[in-house]
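Worksheet for the structure shown next.
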Amino acid sequence: MPYDFNAVENKWQSIWQENKCFESHTDNSKEKFFCLEMFPYPSGALHMGHIRNYSIGDVIARFLRKNNKNVLYSIGFDSFGMPAENAAIKFKTKPHDWTLKNIDYMTQQLKRMGYSYDWNREAITCLPEYYRWNQWFFLQMYKRGLVYQKEAPVNWCDTCGTVLANEQVENGCCWRCHNPVTKKNLKQWFIKITDYAQELLDDIDKDLDPGWPRRVRIMQTNWIGRSEGARLKFKVPELNYDIEAFTTRFDTIYGVTFIALAPEHELVKIMRDKLNHDEAEKLNEFVQKVSAQSSIERSDAGAEKLGFKTPFYGIHPVTGKQIPIWIANYILIDYGTGAIMGVPSGDQRDFEFCRKYNIPVIPVIKPVDGEIFDGETMTHAYEEYGIVCNSGEFDGLKTEDAIKIMIDWGEKNNYCKREVNFKLRDWLISRQRYWGTPIPFVYCDDCGVVPVPEENLPVLLPEDVEVKEVGHSPLLDLPDWLNTTCPKCGKPARREADTMDTFFCSSWYFDRYCSPHDDKNAFESSDVNYWMPVDQYIGGIEHACLHLIYARFFAKFLNDIGMTNFREPFKNLLTQGMVIKDGAKMSKSLGNTVDPTEIVSKYGADTVRLFILFAAPPNNDLEWSERGVEGVNRFLGRVWRYVEDNLESLKANNKIIPVGEIKNEAEREFKRKIHDTVKNVTRDLIDEKQFNTAIARLMELTNAIYTFNFDDDVANNLKREAVDVLLNCLSPFCPHMTEELWQMLGHEEFLCVTAWPVADEKALVRENAVIVVQINGKVREKVNLPAGLSTQDLEHEILNNDAVKSRIDGKNIIKIISVPDKLVNIVVK
RNA sequence: GCCGGGGUGGCGGAAUGGCAGACGCAGUAGACUCAAAAUCUACCGAGUGCAAGCUCGUGGGGGUUCAAGUCCCCCCUCCGGCACCA
């Protein structure tokens, strides 16, 4: 009978569900394991990337369940966000309806794959029972001074009609729609993630090494971007203003020839007010020209540097000289102080700027074994370390020492103050969108911005809303929702119509999995403290500096407010590669996608799971190949056919024969193969997460079973042992077919909860070893000898071997290197 | 520009410093079949040889070692991240 994967897969999915095989419960007496996958956005259908992510997770979950761990394995939907609004316009539906319909369909797809989720723990972020806790957390952050509103130039995406956090701008473009981002001056809500910058950085080395890939740790380290230096002041007496600047190279202070301000710097307005009409016009013109540049134009390192010379001067803190103040497009308002000390001889950007505008260049560092540069003729800045020059008493110091010595001196004389700066910016959390968590604040004319009292949560998002293509949130068109009363004074007030960044939702959903039905709290601490932190997290690398930083911050915050007992949420991280077809990432726009549903209906879930795990190691990109799918399908057919064709014999011979009772050498070898497989597959799964090699070993065992042609009593029992091991080890990958065969063989316990096999060390012992004989490092002979020979005995045997003797005949043996049971290398002349 | 990670048959990929290419795909030959599909068996890095074998071979060049895909140095190249962050 050919294998009917549809019938078998459906059968076991129902049986597992009826028997609650995958439900998990907090149990302090058992060792837990939390296996987590990045939950999907309900875009409409699963794609191969999801299938890959979740197939990896399911194998880990099933494997550990069989190894006696209390496994938490759940799924949910990250279901707020833009696409629902776009779809609502396009298909004339409601974001709420569209989203829930997609969740429904994708749930069916996930179930069809046979993933062993505990569906009781599902979290859906767009439902009030979930997002009310977003609002509650937001208020807790507010109480602790971590939430603030600020008017600032923020990243604005025109196509999405909303602002974006810094992390969500990639190469100057929106991470979601890839349109260029512009800067807009807007009043927005921020979360002070920068308060945690140092700890986020420190814990990368302390807690995430080696559980996280090096690549991700480095990306986060760079993103946080710590730099040490000093802050100094240039007094501007004319304007009664002190310009502050941050520098990492205070040792170049004698090389300052100009000061540059970001066009958005507050001093720019002050200066403009002091200028006459014509000058002010010119300044305005310049500022407008720069702000009209998109982020890409302005922030590209190769972009042309533009400057405007103001008629004002700052006083050099050390030399007392007058330093001209410029406004320049390459100065960023949101890093450091938005102003710099310009040192053209030591900074390439400043150098280019000075050459363009004829600002003098004063060399202050010379190469260790070179001459002092000539400021007039040097062709580029000298940014390397060297020897201090043209700097009075400090001349001759090495840069390494000068940085420290000169800041010490600067601090003592009040020229500067040590300071640490981070690239990481505060998390811009508000979005001018409808489909998100309402920010729980109201605006009152008398009381100002007032938080919604906790007992009034949730602030419900109206669901019955028509989204139209107008440039603003539909919430603004709902007076019934928008108009409310002030919780403080009771007078009419207006709700905040901005919603939260959806990364807020995804920063704690895994905590909710631990405690999914709590309606008094976001979660029960005892549950979360039992299950968390996540033991294995699996997801895409694209979240390295997005979700994975936000979630780390959130964990630290929850610990600070006493809700949890840990500060890092994810102990181990596995970043799976992309699914590639025809050399490019599968994507709708390229039209190279493969629909999982189609492929599952053609080959079955077991085959798809197996292929996707076999074709490449998890962190590599994976090239889709239907031939490859057919290959693993063929392998499963071989397993099925073998058991079916030999069913009676396999059922009748179910004794485990100890190695000691096996006399026949080939049978001992077969027994060894079985236990070798157990040992190696187990190691592949635990240590390396090398699913591809684990599967290869199971294919080898299958090949060995097919070619093992003995037919005595011992052999027949060994065949059964081999098949049991094969099915057991294969079951995390292909749970349905193996479960069916397991039952056919007469087992009464479900395979999915049957203990993982243990290798019998006695069966692994070899009586003989094939010794590779090398002569001068080249393999020349292979000699079969008893295992366990001492070095002397081994050399003696080898040197007396006829074949070896004839090869070294007449030559001088200079040296012999022996590796017992493996190799002898004879060096001759 | 800075920082990471790679480069192994026709392809995806294996190899605690100790037999390079496990396993799979593709390919070749054969068996079964009227035929095909499916299945099974064998072969399957290059060169050379009737053969046993021999030589070469893990991006290139040097080095360490009895022994290097693996360790060290230099270079080429591909991919990824960041990018005017003071």
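Between the side chains of A/Ser227 and A/Asn421, not a single donor N or O lies within less than 3.5 Å of an accepting N or O.
At a threshold of 4.0 angstrom between heavy atoms, the contacts of A/Gly225 with the nucleic acid are absent. Across all strands, A/Leu823 comes closer than 4.0 Å to base atoms (heavy-atom distances).
Phosphate contact (OP1/OP2 of B/rA86, side-chain N/O of A/Ser227, threshold under 4.0 Å): present. Taking 4.0 angstrom as the limit, A/Arg641 places none of its side-chain polar atoms (N or O) nearer than this to OP1 or OP2 of B/rA38. The side chain of A/Arg627 places an N or O atom within less than 4.0 Å of a non-bridging phosphate oxygen (OP1 or OP2) of B/rA26. The side chain of A/Arg780 places no N or O atom within less than 4.0 Å of a non-bridging phosphate oxygen (OP1 or OP2) of B/rC19. The side chain of A/Lys778 places an N or O atom within less than 4.0 Å of a non-bridging phosphate oxygen (OP1 or OP2) of B/rC56. For A/Asn703, a side-chain nitrogen or oxygen approaches OP1 or OP2 of B/rG24 to under 4.0 Å. In this structure, A/Arg807 reaches the B/rC54 phosphate: one of its side-chain N or O atoms is under 4.0 Å from OP1 or OP2.
For the pair A/Lys305 and A/Tyr330, the cation sits on the ring face: its NZ or CZ lies under 6.0 Å from the ring centre, inside 45° of the axis.
Proximity note for A/Asn825 (side chain, C-beta onward) versus B/rG81, B/rC66, B/rC23: the nearest is B/rC66. Nearest to the side chain of A/Arg638, among B/rU41, B/rC66, B/rA86, sits B/rU41. Of all nucleotides listed (B/rG4, B/rU39, B/rC66), B/rC66 comes nearest to the side chain of A/Val827. The nucleotide whose nearest atom lies closest to any side-chain atom of A/Trp223 is, among B/rA86, B/rC82, B/rA22, B/rC82. Of the candidate nucleotides B/rG4, B/rG18, B/rC84, B/rC84 has the atom lying nearest to any side-chain atom of A/Lys305. Listed candidates were B/rC23, B/rA26, B/rA86. Nearest to the side chain of A/Glu700 is B/rC23.
Glycosidic torsion of B/rG9 falls within 90° of 0, placing the base in syn.
Judged by distance alone with a 3.5 Å cut-off, no donor-acceptor contact links the side chain of A/Lys815 to the base of B/rC66.
Nearer to the 5' terminus of RNA chain B, by closest-nucleotide assignment, is the contact made by A/Gly628 (compared with the other of A/Gly628 and A/Phe422).
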Listing, residues 816-829 of chain A side-chain donor-acceptor contacts under 3.5 Å, not counting sequence neighbours, or none:
unit_1: A/Ser818; atom_1: OG; unit_2: A/Glu795; atom_2: OE2; d: 2.7
unit_1: A/Asp821; atom_1: OD1; unit_2: A/Gly788; atom_2: N; d: 2.8
unit_1: A/Asp821; atom_1: OD2; unit_2: A/Gly788; atom_2: N; d: 3.4
unit_1: A/Asn825; atom_1: OD1; unit_2: A/Gly777; atom_2: N; d: 3.0

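B/rG60 and B/rG53 have their C1' atoms separated by 31 Å, with the value rounded to a whole Å.
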The dot-bracket string of RNA chain B, counting Watson-Crick and G-U wobble pairs with both distances under 3.5 Å, using [ ] for crossing pairs and | for pairs to another strand, is (((((((..(((.....[....))).(((((.......))))).((((....))))..(((((..]....))))))))))))....
In the 5'-to-3' direction, what one-character label does each nucleotide of nucleotides 9-15 of chain B receive under the scheme B = base within less than 4.0 Å of a protein heavy atom, S = sugar-phosphate only, - = no such atom?
---BSSS
